[in-house]
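Every chain is numbered from 1, with letters handed out A, B, ... down the list of sequences.
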There are 2 protein chains.
Amino acid sequence: MNLRELAQHLGLSKTTVSRALNGFSEVNEETRLRVVEAARRFNYTPNVSAKRLATGETGAFGVVLPGASAEMADPVFGEFLAGLADGAGRCGRDLYVNATFDGEEAGYRRLARAKAVDVMILANLKIDDLRIRLLSHLGLQTVTCGRTAGSLIYPHLDIDHEDGVRRAVELLAGLGHRTIALVSGPADLSASEQRMVGWHAALSRHGLSAAAHLFTAGPSTEGHGYRATRALLDAPTPPTAFVCASMFLASGCCRAIGDRGLRIGEDVSIIAHDDGLATVRPEAFEPALTTTFSSIRAAGIRVAELAAQLVGGSDPADLTEVWPVDLIFRDSAQAPPRR
Amino acid sequence: MNLRELAQHLGLSKTTVSRALNGFSEVNEETRLRVVEAARRFNYTPNVSAKRLATGETGAFGVVLPGASAEMADPVFGEFLAGLADGAGRCGRDLYVNATFDGEEAGYRRLARAKAVDVMILANLKIDDLRIRLLSHLGLQTVTCGRTAGSLIYPHLDIDHEDGVRRAVELLAGLGHRTIALVSGPADLSASEQRMVGWHAALSRHGLSAAAHLFTAGPSTEGHGYRATRALLDAPTPPTAFVCASMFLASGCCRAIGDRGLRIGEDVSIIAHDDGLATVRPEAFEPALTTTFSSIRAAGIRVAELAAQLVGGSDPADLTEVWPVDLIFRDSAQAPPRR
DNA sequence: CATATCTTCCAAACCGGTTCGGACTCCTTT
DNA sequence: AAAGGAGTCCGAACCGGTTTGGAAGATATG
């Protein structure tokens, strides 16, 4: 059942039926109801390809996966992608996932030339991310999850990692901790830089050391969390508190602390960032982890909405949001042992 | 630059240019070279939407994410998706990811009605998966990663989990283990059933117990691996060897064993299944884990190729593959301690 | 009553490709 | 020399929507 057949059935023109279904004002209300009813009865759905050709919009958002598989194996990114697909679906758009087998830049160029998507979506922004400039140069509209250095204005949603870490460190310092380590994700990520800024700010406010060896960066995995924590505990003045950038890093951190025979909460405190993944819940830890929380799935949904608004003609400058994180008290952050 | 403009530049008709670019035989070789050269020079890329409308093919494969976020938080699924996107790209197709905010079935029906994809791709098949029948009923071609019960014929790639577990158990039994547990993934998954079959087969061949309490199923996470292993170690006759269905389950398994003060390899043996994720490498464990290996990313790429062949008109019955797994010896599987 | 305006609808053009059914040239066959 | 067949190329139709530029009739305005 296509538009022409539907129109014939109704004794109307294609034009009128199209307008009735798309909510134009110049069609009689009575006629519109008749059309909508018939469309429902005949199970009519407009052909996506035809619509795209006619409107010039593709109705799709694009995500490019980096060639290295590391990002997709990251469950946080997967969850973000799920949110994106969810949000896109709600806005009546598709999510087009492109893997780059021949370099990331080539992937973007292909998409731009074929006009395959309306908006590109970028996540895991690097400090001064080159992709933003490339996309702007290619004339592709872009929405990002995260901010980066540089003067270009683009719609984005960011999570306030800086404030999250700042508040976590403030809490630990307030409890009496004097040596507070930051176990962060990949060093080249904008989010990691934000975390370091927050860490520094809170430490200097309390007059505490921000020695370089107390800051570690690396892949956001249990394995790296374990190794980093072991190394930190081996230092001459080991930290009594750890701020971890993800639940996976925190898992490794806990394991390393357990290996040393230390008790979490009593001997050593931990605050982790929780992205809200169903598979690693802070309450399931022993003891339950104090966390900074922000749902990455919700962020994905919202980014898709921002992209839809951008296509709808909103001013990019209005489409920027920074989400605060919640600090949730549980049992893993307590006062350090008396000496 | 579109086809008409390109044709005008060349002094040819749209027809000839289109045929030259698509490799039809009825165009002079000299002309074809001239056309291809001009297309390259003017940076011409056919408009995706127009092509789709004209051919009736969408050029896209579809994946529906289940409403619950659990699957996307699974890094193994994420890696499979990355492989899918990779393979689709190589075949010149798109990958459409659709989240279902209103029920999985509704998502499939939407895609079918709008003719948005050429082939649906299914993963994480359930035992007797209802989705296959639904899609066949909706007239959507389907390719799956995994097999399921039922008589319908559909293109699929499966990984031989049954044989993997069988060989792992044979190895452990050969080393002298008498009580061998299986720590598996979600019980409703077809792969989990395959593993149980392999486990039973190998145990009975060696005259060993396949008592129900030695088999556990649950989410494929570190947390569940930990809890399951603790429970198994608390049994009256605790196992001396564990076969884990994923690296994450194995992580938890290792932690539980460590908590008990047991040494992996010496006191207790482990064999895990490794999907080839870069973030959890078996060599990084202490000691290095003996594994059954099969790259889930490679599987994703191959599934996309199968889908492309299906669209190309291959017989579905020819598009079925079962991949063997490699058994890789490392240090975590050794003879049990003498009593 | 003539004119302007509004409402409602439609025919035809358009988006940018693919493909059917010739048409023309040149070469071979009988 | 006529007939048949490759080898090339083209005009026009088609895919299924949206959108432009009226047109007809109803209603309001002077």
Map A50(B) and E29(B) onto DNA chain D by nearest heavy atom, then report which one ends up closer to the 5' terminus.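 The residue closer to the strand's 5' end, by nearest nucleotide, is E29(B).
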Let me spell it out: for each of N28(B) and T45(A), pick the nucleotide of DNA chain D with the closest heavy atom. Which residue's pick is nearer the 5' end?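 This one resolves to N28(B).
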Under 4.0 angstrom between [X] side-chain N/O and [N] OP1 or OP2:
X	N	answer
T31(A)	dC9(C)	yes
S18(A)	dG17(D)	no
T55(B)	dT18(C)	no
Y44(A)	dG17(D)	yes
S13(B)	dC10(D)	yes

What is the separation between atom [atom1] on [X] and atom [atom2] on [N], rounded to the nearest whole Å?
X	N	atom1	atom2	value
K14(A)	dC15(C)	NZ	C1'	12 Å
K51(A)	dG16(C)	NZ	C1'	19 Å
E30(B)	dT8(D)	CD	P	10 Å
R52(A)	dG16(C)	CZ	P	16 Å
F24(B)	dG7(D)	CZ	C1'	16 Å
R4(B)	dT18(C)	CZ	P	15 Å
L3(A)	dC14(D)	CG	C1'	16 Å
E57(B)	dG16(D)	CD	C1'	17 Å

Check ion pair R34(A)-E37(A) (N to O, under 4.0 angstrom): no
Cationic N near anionic O, under 4.0 Å, R133(B) to D128(B):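 A salt bridge links R133(B) with D128(B).
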Looking only at the side chain of N2(A) (C-beta and beyond, no hydrogens), which of the listed nucleotides dG16(C), dC9(D), dG17(D) gets closest?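 Of the candidates, dG17(D) comes closest.
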Nucleotide nearest A54(A) (side chain, heavy atoms from C-beta), chosen from dG16(C), dC10(C), dG17(D):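 For the A54(A) side chain, the nearest candidate turns out to be dG17(D).
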Does L122(B) offer a backbone N or O that forms a donor-acceptor pair with the side chain of T144(B) under 3.5 Å?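 No.
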Has T142(A) got a side-chain atom pairing as donor or acceptor with M120(A)'s backbone, closer than 3.5 angstrom?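 Checking the backbone N and O of M120(A) against the side chain of T142(A), no donor-acceptor pair under 3.5 Å is found.
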Quick check on side-chain hydrogen bond (donor to acceptor under 3.5 Å, both in side chains): which of D158(B), T320(B), D129(B) does R147(B) satisfy it with?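 The residue from D158(B), T320(B), D129(B) that satisfies side-chain hydrogen bond (donor to acceptor under 3.5 Å, both in side chains) with R147(B) turns out to be D158(B).
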So, N98(A) versus Y96(A): side-chain donor-acceptor pair below 3.5 Å or not? yes
Hey, what do you get for OG1 (T45(B)) to CG (N2(B)), rounding to the nearest 0.5 Å? 12.0 Å
Any base atoms under 4.0 Å from S49(B), or only sugar-phosphate, or nothing? Heavy atoms, all strands. nothing
Going 5' to 3' through nucleotides 20-27 of chain D and flagging B where a protein heavy-atom sits under 4.0 Å of the base, S where only the sugar-phosphate is that close, and - otherwise, we get BB------
Does atom CD1 of I153(B) have more than 12 heavy-atom neighbours, drawn from other residues, nucleotides or ligands, at distances under 6.0 Å? no
